Protein chains: 2
Amino acid sequence: MPLAHRVPDLGALELLLAVARLGSLGRAARATGITQPAASSRIRSMERQLGVALVDRSPRGSELTDAGVLVTDWARRVVEAAEAFDAGAQALRGRRDSRLRVAASMTIAEYLLPGWLVALRAQRPGTAVSLFAGNSSAVAARLLAGEADLGFVEGLDVPAGLDGAVIGRDRLIVVAAPAHPWSRRRRELTAAELAATPLILRERGSGTRQVLDAALAGHGGLADPLLELASTTAVKAAVVSEAAPSVLSELAVGEELTARRLVEIPVAGLRLVRDLRAVWPTGQRPAGPARHLLGLTRGAA
Amino acid sequence: MPLAHRVPDLGALELLLAVARLGSLGRAARATGITQPAASSRIRSMERQLGVALVDRSPRGSELTDAGVLVTDWARRVVEAAEAFDAGAQALRGRRDSRLRVAASMTIAEYLLPGWLVALRAQRPGTAVSLFAGNSSAVAARLLAGEADLGFVEGLDVPAGLDGAVIGRDRLIVVAAPAHPWSRRRRELTAAELAATPLILRERGSGTRQVLDAALAGHGGLADPLLELASTTAVKAAVVSEAAPSVLSELAVGEELTARRLVEIPVAGLRLVRDLRAVWPTGQRPAGPARHLLGLTRGAA
DNA sequence: TGGGGACATAAGCTGGAGTTATGTGCAGCG
DNA sequence: CGCTGCACATAACTCCAGCTTATGTCCCCA
């Protein structure tokens, strides 16, 4: 359980990446703003903690061992996730005087925006971004009030008073635990079967739920849910442990699918997709940083 | 640059997840093995560091704020990456007396195995796994010497003396920087064009290079590379900064594609795929933990 | 109105990570 | 051949972040 005691500090992982990149403890130390002895000791204690030699030291520099290469690649993923966290958190704190004020739906803010912000930061360092997250109407209100420069929403329609461009699609997929009978079916599920089955769902009013309701209206209508939960995370947890399927955004379950904690159940003849849109007040085409961010988002999902 | 100073500790992120899950600082504290005041102070200093209120405290418990929900979701990604790191590192240290000894090619060990190990740990906690990473022939040698129970290789053929099962495919894709002319082409690239262009590549002998050589043999043969580098990471960095394309495993560039640091260039009529295989000594079908891990890997990539 | 749950505050301890100063080993060169 | 430069290791000391225990405050509920 105490993961933090078995995984090196973020600072140590960054240092390791610097050693890999620069080929010497001393240079890596300078690059990360510490002294050479500090770097030396930190790498050493990381090796002690992991029980694996990571770098080959020599009087001419330091190189990663074979194990070190692997560990460094795994470390890179942690650091990248931390960068996304940082980009998101910065934007969340961002003051109203930011150069680029973004308003986004929860799903987009959760899964896509941090990556875009990392890319933006790489290409235009120093662009101060602020982020507001809320539902579609709240995003629209912000834009119309002039309190945001660019919005992102998912859903079937563009809110009144806004122009928009489709930047990607979000597919809703049926998921079940690997142990669930549906995971072993040979024939595709039918829409009617799906409609008739009590599912684990977000509460009524969520965007996902609306799309699902609409799509199954012609197939007998959605059965009463087995369980209604307030957050996507809670739904995922319930699907994994309980024995009922759910319908979730593919953005939300990518991780779970690759780790096989959840399995996607194909459904015959049912397209549960919703567009992801960038939106802005009618007539005011995005310019400057907003235009640049918009360019980064094409082809999302 | 000093990312670690702006992102909370892994321990703090874990604690935040526990608060989200359990709805109270005190319970979260107990769950993570610290006392309530420690948790209180840690969450508070995280809020100070991020400049955002994360939890609403009340005498009846604590709930995440709207911003807290977002931050927690981003934190979850960091923690999941750390879990993969941990699972990998544990296996790397694993002693020879492990219950399951895995040998895998570098690509698979880097990108796929940690996720499988996390899944395995969730389903069969306490299965001690050890990992050896090397090229196909080294993996084969381990298996044939009885020093490994299950192997994973990518490539065109099954090494002699081994049986195997295809568990997925790895597609090699042409990538370029967004600023590169190929990223703006309207017409698909032809195989002959690709063959005639000097690329940034791994050194001769790497698996990727072999597949590429074979596939382009009928299209005039691969031109001399512009640059030959020793690691996939170095190749990616060169493609991003230099003005030349490369051909890389889609496993290696997933992150870069979604962040738009790299762009995939479609090529007409060229299928650069290689199978990912689980392998074992002829006749000795995997049993026990090996069989279970094998089950987790189906449908990879 | 008293008890219990939940969070905050206070005071003191500890260890990890950092710093400066110095030592060792190796390569290249005048 | 010894000097210089570079890289890593060791030693001694400092400091602060995070932990603990003890106690206070607030609110709900029986």
Side-chain angles (χ1 to χ4, degrees), chain A residues 1-65 68 72 75 79 82, chain B residues 1-65 68 72 75 79 82:
Chain A
M1 233 294 117
L3 180 60
H5 296 147
R6 286 173 301 166
V7 176
D9 217 56
L10 271 175
L13 299 182
E14 274 192 289
L15 177 63
L16 180 63
L17 295 187
V19 171
R21 186 159 27 95
L22 301 171
S24 127
L25 291 188
R27 267 194 290 279
R30 244 167 293 138
T32 53
I34 60 177
T35 59
Q36 173 265 318
S40 180
S41 119
R42 212 151 186 209
I43 295 283
R44 187 169 298 282
S45 63
M46 179 160 42
E47 289 177 315
R48 204 153 11 91
Q49 179 182 25
L50 298 179
V52 172
L54 300 175
V55 308
D56 270 335
R57 299 148 172 83
S58 89
R60 315 189 44 194
S62 294
E63 282 215 327
L64 293 181
T65 61
T72 303
V79 170
Chain B
M1 231 297 114
L3 182 59
H5 296 148
R6 286 173 301 165
V7 177
D9 218 54
L10 272 175
L13 299 182
E14 274 191 291
L15 177 62
L16 181 63
L17 295 186
V19 171
R21 188 159 28 94
L22 302 171
S24 128
L25 292 187
R27 267 194 291 277
R30 245 166 292 139
T32 52
I34 61 178
T35 59
Q36 173 265 319
S40 179
S41 119
R42 212 151 187 208
I43 295 283
R44 188 169 297 281
S45 64
M46 179 160 40
E47 290 178 314
R48 204 155 10 92
Q49 179 182 27
L50 299 179
V52 172
L54 299 175
V55 308
D56 269 334
R57 298 147 173 84
S58 89
R60 317 189 42 195
S62 294
E63 281 215 326
L64 294 181
T65 62
T72 303
V79 171

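Bear in mind that the values here come from a model prediction, so they are computed numbers and not experimental data. Values below: all heavy atoms of this structure, side chains included; hydrogens, waters and symmetry mates excluded. Each chain gets a letter, A, B and so on, in the order the sequences are listed, and its residues count up from 1.
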- OP1 or OP2 of dA9(D) sitting under 4.0 Å from any side-chain N/O of Arg57(A)? yes
- Task: Let me see the working for Arg6(B) and Glu14(A) under salt bridge (Lys or Arg N to Asp or Glu O under 4.0 Å), right down to the final yes or no.
- Result: CA-CA 13 Å; Arg6(B) 286 173 301 165; Glu14(A) 274 192 289; over 6 Å; no
- With no hydrogens and no angle check, is any side-chain donor or acceptor of Gln36(B) less than 3.5 Å from a backbone partner on Ala28(B)? no
- Atom CZ of Arg42(A) and atom P of dA17(C): how far apart are they, to the nearest Å? 6 Å
- Quick one: Glu63(B) CD to dA6(C) C1', roughly how many Å, whole number? 14 Å
- Could you give the CD1-to-P distance, from Ile43(B) to dA6(C), as a whole number of Å? 16 Å
- List the steps, then state whether side chain to side chain contact (heavy atoms under 4.5 Å, CB included) holds for Met46(B) with Leu54(B). CA-CA 9 Å; Met46(B) 179 160 40; Leu54(B) 299 175; 3.9 Å; yes
- Phosphate OP1/OP2 of dC6(D): any Ser24(A) side-chain N/O under 4.0 Å: no
- Message: Counting C-beta onward and ignoring hydrogens, is there a side-chain heavy-atom pair between Arg42(A) and Asp9(A) closer than 4.5 Å?
- Response: yes
- Query: Sub-3.5 Å donor-acceptor pair from the side chain of Thr65(A) to the main-chain atoms of Ala53(A), do we have one?
  - Reply: yes
- Which whole-number value in Å describes the distance from Arg48(A) CZ to dG15(C) C1'? 13 Å
- Note on the structure: Taking dT9(C), dA7(D), dA6(C) as options, the one with an atom nearest any side-chain atom of Arg27(A) is dA7(D)
- Length of the line joining Arg30(A):CZ and dG18(C):P, which is rounded to integer Å: 16 Å
- Query: Side-chain contact, heavy-atom cut-off 4.5 Å: Pro8(B) with Leu50(B)?
  - Reply: yes
- Query: For Arg44(A) and dC8(D), what is the distance between atoms CZ and P respectively, to the nearest whole Å?
  - Reply: 11 Å
- Task: Rounded to the nearest angstrom, tell me the gap between atom CG in Leu54(A) and atom C1' in dC8(D).
- Result: 16 Å
- Pairwise 5' ranking along DNA chain C for Ser41(B) and Ser45(A), keeping only the more 5' one: Ser41(B)
Any N/O pairs under 3.5 Å between the protein and nucleotides 20-22 of chain D? List them or say none.
residue, atom, partner, partner atom, Å
dT20(D), OP2, Thr35(B), N, 2.9
dT20(D), OP2, Thr35(B), OG1, 2.7

- dA9(D) P sits how many Å from Asp56(A) CG, rounded? 11 Å
- Quick check: does any side chain N or O of Glu63(A) sit under 3.5 Å from a backbone N or O of Ser58(A), one acting as donor and the other as acceptor? no
